[in-house]
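Data first, discussion second: the structure below is written as C-alpha cells.
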Amino acid sequence: MYKLSDDIEDVLVAGVRQGFKNYLIEREDKKKSMIVSSGYAWTRGSHMDDAIFRSLPKSEQNMVSMFGIGGWNFLRFNFKSDGKNISVIQKSAMFMNDSKNFKPVNDREQNYISLWSNAYNKDIVNGLKKEEKIGQMALFDPFEFSDSRVRPINKSNVIKNIEKNNEMVPDALYILNYSISSEKDIGTIKINAVFDQNSIVVSDLSEKNRTSPIEIPVELRNSVDSKELGSPESEVNQLFNLYNQVPEEKNRSI
C-alpha cells in the first residue's frame, strides 16, 4: 500500500476543514443577501477543492488536474510520494457508502471515479484483507447525494485521454472522504482505495481532523440549520453529477 506523507495528509485535512468553513460562511452570507439561496447547497465540494488547492505548495499546485463533467468542474490532486504517483479526489462519506457508485472491474456502466479506481488500484487492493466493505459504514451526512444513472463508457479512451494530455498516470487513486457530524462539523476524514467493489482504508485522518487548528465556530455552524442545508435529493438532482451522461471535457491545468 502506498502511503501519502504526513505533510500531504495535513494539507488534505486542512483543505477539507477550511473548505467546509468557507462553505458555511458562503451559505450564511447568501442567506442574508438573497431571497432564495438554496442552490448554494451544491457548492460544498467546490469550496473543499478550492481550499485544498490553495493549501498546496506552488510546486504541487502545478500538478493538479481539472476535469469537467456536464458543466461541473472538479479537481484531481496529484502527488509524488514514496516514489509513487498518487491521485486524490475528495468526496463525502455518503458517496463512499453507496455501493452503486462502485462497479465491478469489467462493468461497462461505471462513473469516472469507479473507472479510475478499477484502472489504477488493482495492485494495492487486490488480495489485501478487506477492512471495510462498501456500503457498511453508517456516517451522518445530510448534504450529499449520489445518482447511479450512467451510460457505458470506454475505459481505454479515458486512460488514453489522460496520457495524451500529459497527465500524470497514477499508481493509485485515493478517495479523500469525510463525514459531517450531527453538530455540523467535520466528523471523520479517511483516505480509501477501491478496486472491484472492495474498499480498504489507506489512512484514517480523524485524529488529525480532531486536533486541527482550523476551528469552525459554533455560531457559524448554528447559523445554517440542518433543514436548510437539507438533502439534495429533495432539490433538483441534476446539478451534481460526475457520471458519463455527457462527454468528458478535456482536462486542463489550473
Side-chain angles (χ1 to χ4, degrees), residues 4 8 11-20 22-23 26 39-56 60-79 85-98 100-103 110-121 141 143-151 153 157-159 161-162 165 167-170 172-178 180 186 189-194 232 235-254:
L4 293 169
I8 293 174
V11 165
L12 295 176
V13 170
V16 168
R17 291 195 61 80
Q18 187 63 54
F20 185 62
N22 295 345
Y23 166 79
E26 183 83 356
Y40 282 89
W42 300 94
T43 64
R44 184 184 54 182
S46 295
H47 278 289
M48 289 184 176
D49 273 357
D50 180 76
I52 294 172
F53 177 81
R54 295 179 187 278
S55 298
L56 293 172
E60 290 184 348
Q61 287 182 349
N62 295 331
M63 296 172 63
V64 175
S65 305
M66 180 184 292
F67 291 84
I69 306 294
W72 191 276
N73 295 330
F74 66 101
L75 300 183
R76 198 176 78 183
F77 301 95
N78 304 311
F79 302 103
N85 297 329
I86 302 175
S87 292
V88 177
I89 293 175
Q90 64 84 15
K91 294 295 295 178
S92 74
M94 177 170 278
F95 182 92
M96 282 297 305
N97 296 342
D98 191 339
K100 295 190 299 295
N101 291 326
F102 299 94
K103 300 290 185 176
Q110 298 185 56
N111 64 53
Y112 282 99
I113 295 178
S114 177
L115 180 76
W116 287 338
S117 295
N118 284 334
Y120 301 130
N121 289 344
D141 186 338
F143 312 106
E144 191 88 61
F145 83 104
S146 58
D147 186 339
S148 61
R149 291 171 295 175
V150 296
R151 296 186 316 192
I153 57 181
N157 284 347
V158 173
I159 307 304
N161 283 340
I162 292 173
N165 293 317
E167 291 296 322
M168 181 188 83
V169 178
L173 179 88
Y174 291 165
I175 302 174
L176 175 70
N177 60 98
Y178 58 90
I180 308 296
I186 300 297
I189 301 178
K190 295 182 180 181
I191 296 176
N192 282 63
V194 179
E235 301 178 12
V236 179
N237 64 0
Q238 296 300 312
L239 297 179
F240 187 76
N241 195 339
L242 300 185
Y243 296 87
N244 190 48
Q245 294 185 359
V246 295
E248 178 187 12
E249 298 175 5
K250 180 179 179 181
N251 50 305
R252 56 187 185 273
S253 59
I254 307 302

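Residues take their numbers from the sequence shown, with the count starting at 1.
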**Study point:** Short side-chain to backbone donor-acceptor contact, N177 and K190, under 3.5 Å
**Key:** yes
Looking at G19, is its backbone amide N or carbonyl O close enough to the side chain of D50 to form a donor-acceptor pair, meaning the two atoms are under 3.5 Å apart?
no
Q. Yes or no on side chain to side chain contact (heavy atoms under 4.5 Å, CB included) for Y178 and S92, after CA distance, side-chain angles and deciding distance?
A. CA-CA 5 Å; Y178 58 90; S92 74; 3.9 Å; yes
Start with the C-alpha gap between L173 and N121, add the side-chain angles, then the distance that decides, and say whether side chain to side chain contact (heavy atoms under 4.5 Å, CB included) holds. CA-CA 6 Å; L173 179 88; N121 289 344; 4.2 Å; yes
query = Counting distance only, does the side-chain N/O of S87 pair as donor-acceptor with the main-chain N or O of R76 below 3.5 Å?
reply = no
Sorted by chain and number, sequence neighbours left out, side chain to side chain donor-acceptor pair (under 3.5 Å) with Q18 holds for N22
Interatomic distance, CD@Q90 vs CZ@R44, rounded to 0.5 Å, equals 8.5 Å
- Message: Assess the residue pair L4 and L12 against the criterion (side chain to side chain contact (heavy atoms under 4.5 Å, CB included)); give the C-alpha distance rounded to whole Å, side-chain angles, the decisive distance to 0.1 Å, and a yes or no.
- Response: CA-CA 10 Å; L4 293 169; L12 295 176; 4.0 Å; yes
Value for CG (N101) from OG (S117), rounded to nearest 0.5 Å, stands at 10.5 Å
query = Counting only N and O atoms by type, is there a donor-acceptor contact under 3.5 Å from the side chain of E60 to the main-chain atoms of F79?
reply = no
Across all chains, not counting sequence neighbours, the side-chain contact (heavy atoms from CB on, under 4.5 Å) partners of T43 are Y23, Y40, H47
Salt bridge (charged side-chain N to carboxylate O under 4.0 Å, His left out) filter on D49, not counting sequence neighbours, yields none
d(Q110 CD, W116 CH2) to nearest 0.5 Å is 12.5 Å
With side chains defined as the heavy atoms from C-beta onward, is the minimum distance between N118 and F102 less than 4.5 Å? no
F77 side chain near V11 side chain, heavy-atom distance below 4.5 Å
no
All heavy atoms of Q61 vs all of L56, minimum pair found to be NE2-O, 3.4 Å
Next item on the list: Check the pair L176, I189 against side chain to side chain contact (heavy atoms under 4.5 Å, CB included), reporting the backbone distance first and the verdict last.
Entry: CA-CA 7 Å; L176 175 70; I189 301 178; 3.6 Å; yes
d(M96 CE, I113 CD1) to nearest 0.5 Å is 9.5 Å
Interatomic distance, OG@S65 vs CZ@F74, rounded to 0.5 Å, equals 9.5 Å
